[in-house]
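Everything on this sheet refers to the single structure shown next.
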Amino acid sequence: MKLVVCIKQVPKVTELPWDEKTGTLRRDLASGMMNPACKHALEAALQIKENHNASITVITMGPPAAEEMLREALAMGADEAILICDWLLAGSDTFATSLVLKEAIKKQCPKFDLILCGAYTADSETAQVGPQLAEELDLPAAAYVEKMEITGKTLRVRRLVDNFRETLEMEFPALVTVSMENYKPRYTSLAGLENAFDQKDVSVLDAKSLGLSSSSIEQKGSRTRVRKVFLRKAQKGNVVLQGAASNVVHEFLDRYQRKIGTVIGKSIEEKKQHDDK
Amino acid sequence: MTTNRRKSIWVFGDYRNYYQNRVTLQLIARAVALAKTINAEVCALIFGHEIDEWIMEYTAHGADRILAIDDPALKSYSTEKYLAIIERLARERDPEIILIGATDFGREFAPRLAKRLKTGLSADCVGLDITEDGLLLQIAPSFGGNMLAEIVTEFHRPQMATVRPGTFKEIPHDYERTAIVERLPLMKGLPKPRVRLIEYERSVEKEHTIENASVIVCGGRGMGNKEKFKKLQELARLLGGDVGATRPVVYAGWAEHNVLVGQAGKHIKPKILFSFGISGAIQHTAGLGEADFIVAINKNPQATMLKMADVAIVGDASDVVNNLIKELKKRIRE
Ligand SMILES: Cc1cc2nc3c(=O)[nH]c(=O)nc-3n(C[C@H](O)[C@H](O)[C@H](O)COP(=O)(O)OP(=O)(O)OC[C@H]3O[C@@H](n4cnc5c(N)ncnc54)[C@H](O)[C@@H]3O)c2cc1C
């Protein structure tokens with residue numbers, strides 16, 4: 001069986017440790033990581049590989065630095081890695097990305113049985129690439145998959161969507177996007193990682209080798225355009241309290257305990273202080 | 001092709017959790033406002049079996065037209081069947097805009113529909129408007145930080161967006177309202193779905209839902225550590241509420257994923273929200289659309305979260321938590 005796992009490198013920036021002293025984010029620690037849901041998808045593929053005779057190709061579109069993440073995937077147990085890397089493709093929206101992934105898959109592993117993607121990415125969270133890739137390749141597909149079972153050419157998946165538990169079946173070739181419910185990614189040892197750096201090759205493809213010229217990318221490419229990015233303004237003219245915590249809390253409750261009491265259905269009031277000491 | 005037909009804004013009728021999730025009604029309401037600007041009609045799509053209730057509801061909540069297909073074959077939700085149906089309808093009728101709620105279903109369905117119609121889609125919008133040149137302005141959270149992006153689909157139609165539940169307010173129902181209801185037969189010759197639904201049931205696992213709590217005590221990275229974070233539980237208990245968390249906190253294992261508040265998590269609408277040690281990143285505040293009264297505690301007076309609050313307390317989150325617990329224990333009468 002042939003499995004393809006589409007993975008993405010995402011910045012760790014938004015979850016950067018925060019500097020106790022200065023109160024700012026430690027951007028110096030920013031680096032890329034394999035998107036968590038993609039890692040779960042890879043783990044799912046690895047478990048299939050263990051139980052069925054399968055090989056795994058991991059594929060990513062990204063900057064040269066994404067090679068490191070591919071090495072990690074190889075160390076985890078993937079057999080082959082492909083990096084699609086071209087400045088022409090920078091800024092692609094999901095419409096364009098899924099098109100590029102399709103071209104790469106058609107070229108490098110046309111005989112796949114199952115494509116696995118992460119259900120969403122930590123940096124943009126659109127959850128669109130997987131479903132759009134299914135359309136590109138005209139495949140039966142299911143998103144947010146938590147469990148898979150394979151019998152012969154049939155894939156059975158379990159998932160939770162909008163509070164409904166569903167069991168679905170489809171025939172290979174198919175596509176799933178994997179949620180983070182199950183399939184906790186395995187640990188990769190440093191030795192394994194070093195090996196992956198030494199031994200296995202990462203193939204690099206550019207737009208041209210996929211038959212995508214700049215004009216074809218232009219007309220087939222992104223549909224959406226970001227007009228501007230702006231800072232959301234804060235809305236409220238608010239009450240600001242500051243000072244020692246105990247004073248602030250007193251002041252706060254004195255002013256708002258009625259309001260809070262009404263909401264929680266209990267009476268909140270300061271006890272008469274005559275029995276103190 | 002008729003070119004003089006009135007423009008249409010379509011809203012996909014996602015009725016499956018009607019009573020818990022009002023996103024379709026919220027989209028109809030927003031579509032009504034947008035439609036005025038571009039002189040369009042608002043058309044709700046309903047595919048299913050025995051759907052009269054939804055036809056009535058969507059009419060009462062503001063749709064001008066309903067496209068309904070009532071057929072036993074549509075008894076359960078099916079991405080593939082719906083895709084095939086809407087693809088045909090859209091090719092026949094050229095809607096200007098298609099809006100879909102960002103439910104799990106919507107977020108799987110919309111990207112595929114956009115791909116089939118070869119058009120753009122923006123995900124999880126937190127605002128919609130019309131630009132001066134009549135385009136749909138799609139406002140969506142942008143990568144990291146506090147930024148919002150304005151996105152347009154210039155050259156392709158329909159313009160499509162999925163929209164975060166809770167972003168807009170529904171129009172109160174009015175059962176006197178009328179709409180043009182087109183009941184269409186299920187088209188012939190639709191491709192046979194390749195995904196078979198073997199089993200489905202409403203999840204019975206008691207889902208921990210903070211969506212309906214009237215008081216939420218939300219904690220962020222500024223709580224400092226797991227022990228201090230756990231104190232929020234005590235405060236929440238005193239207030240009869242629930243604890244919510246930001247993503248770094250969930251990633252650090254201080255709280256479970258099911259209490260994550262924001263774009264990637266729950267959308268909450270408490271009457272009172274306490275926000276402790278939270279910066280107020282857009283991905284988090286996207287989940288606070290409907291909080292009535294916000295009390296935020298942050299040691300940084302410039303924090304966005306403080307600016308969004310009704311009461312902004314500048315100070316150490318954990319100190320304030322401890323003092324609140326102590327003081328509430330004294331003051332609350334059962
Ligand atoms: C695609 C995407 C989706 C995301 N989805 C979500 C989501 O659904 N929900 C979510 O929450 N995040 C989400 N995020 C992450 C989000 O961008 C922020 O990183 C996150 O909300 C920040 O959490 P925080 O406020 O707890 O931490 P920080 O931003 O680190 O803020 C900590 C705050 O605590 C204050 N502080 C520090 N010490 C103290 C103290 N002792 N007392 C008082 N205050 C103190 C600091 O001044 C600071 O304001 C998402 C990010 C992306 C890219």
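For clarity, every value in this text was computed on a predicted model and none was experimentally measured. Just so we're on the same page: letters track the sequence lines, and every chain starts at 1. The figures here come from the full heavy-atom set of this structure, side chains too, leaving out hydrogens, waters and symmetry mates.
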Option that, when pairs with chain A are counted at under 4.5 Å, heavy atom only, ranks first among B:Thr119, B:Asp14, B:Val320 | B:Thr119

Can a salt bridge be assigned to the pair B:Arg196 and A:Glu169 using a cut-off of 4.0 Å between side-chain N and carboxylate O?
-> yes

For B:Thr131, is it the side chain, the backbone, both or neither that has a heavy atom under 4.5 Å from a heavy atom of chain A?
-> side chain

List the steps and the verdict of salt bridge (Lys or Arg N to Asp or Glu O under 4.0 Å) for A:Asp254 and B:Arg331.
-> CA-CA 10 Å; A:Asp254 291 348; B:Arg331 295 190 188 201; 2.8 Å; yes

Pairs meeting criterion salt bridge (Lys or Arg N to Asp or Glu O under 4.0 Å) with involvement of residues 278-288 of chain B, two or more places apart | none

The interface call for B:Asp316 against chain A, heavy-atom contacts under 4.5 Å, is neither

B:Leu137 versus chain A, the contacting section by heavy-atom distance below 4.5 Å | side chain

Contact winner vs chain B - A:Arg156, A:His250, A:Glu171, heavy-atom pairs under 4.5 Å = A:His250

Any donor and acceptor pair, going by atom type alone, linking the side chain of A:Glu135 with main-chain N or O of B:Arg116 inside 3.5 Å?
-> no

Quick one: what part of A:Glu251 sits under 4.5 Å from any heavy atom of chain B, side chain, backbone, both or neither?
-> neither

Portion of A:Arg158 that has a non-hydrogen atom of chain B nearer than 4.5 angstrom | side chain

Determine whether B:Leu239 and A:Val263 make a side-chain contact, defined as any pair of heavy atoms from C-beta on separated by less than 4.5 Å.
-> no

Could you look at A:Asn247 and say if it's the side chain, the backbone, both or neither that has a heavy atom under 4.5 Å from chain B?
-> neither

Which distance, rounded to the nearest 0.5 Å, do you find between the NZ of B:Lys115 and the CG of A:Leu133?
-> 8.0 Å

How are the rings of A:Phe164 and B:Tyr200 set relative to one another: parallel (under 30°), tilted (30 to 60°) or perpendicular (over 60°)?
-> tilted

Would you check if the side chain of B:Asn17 reaches a backbone N or O of A:Asp162 as a donor-acceptor pair within less than 3.5 Å?
-> yes

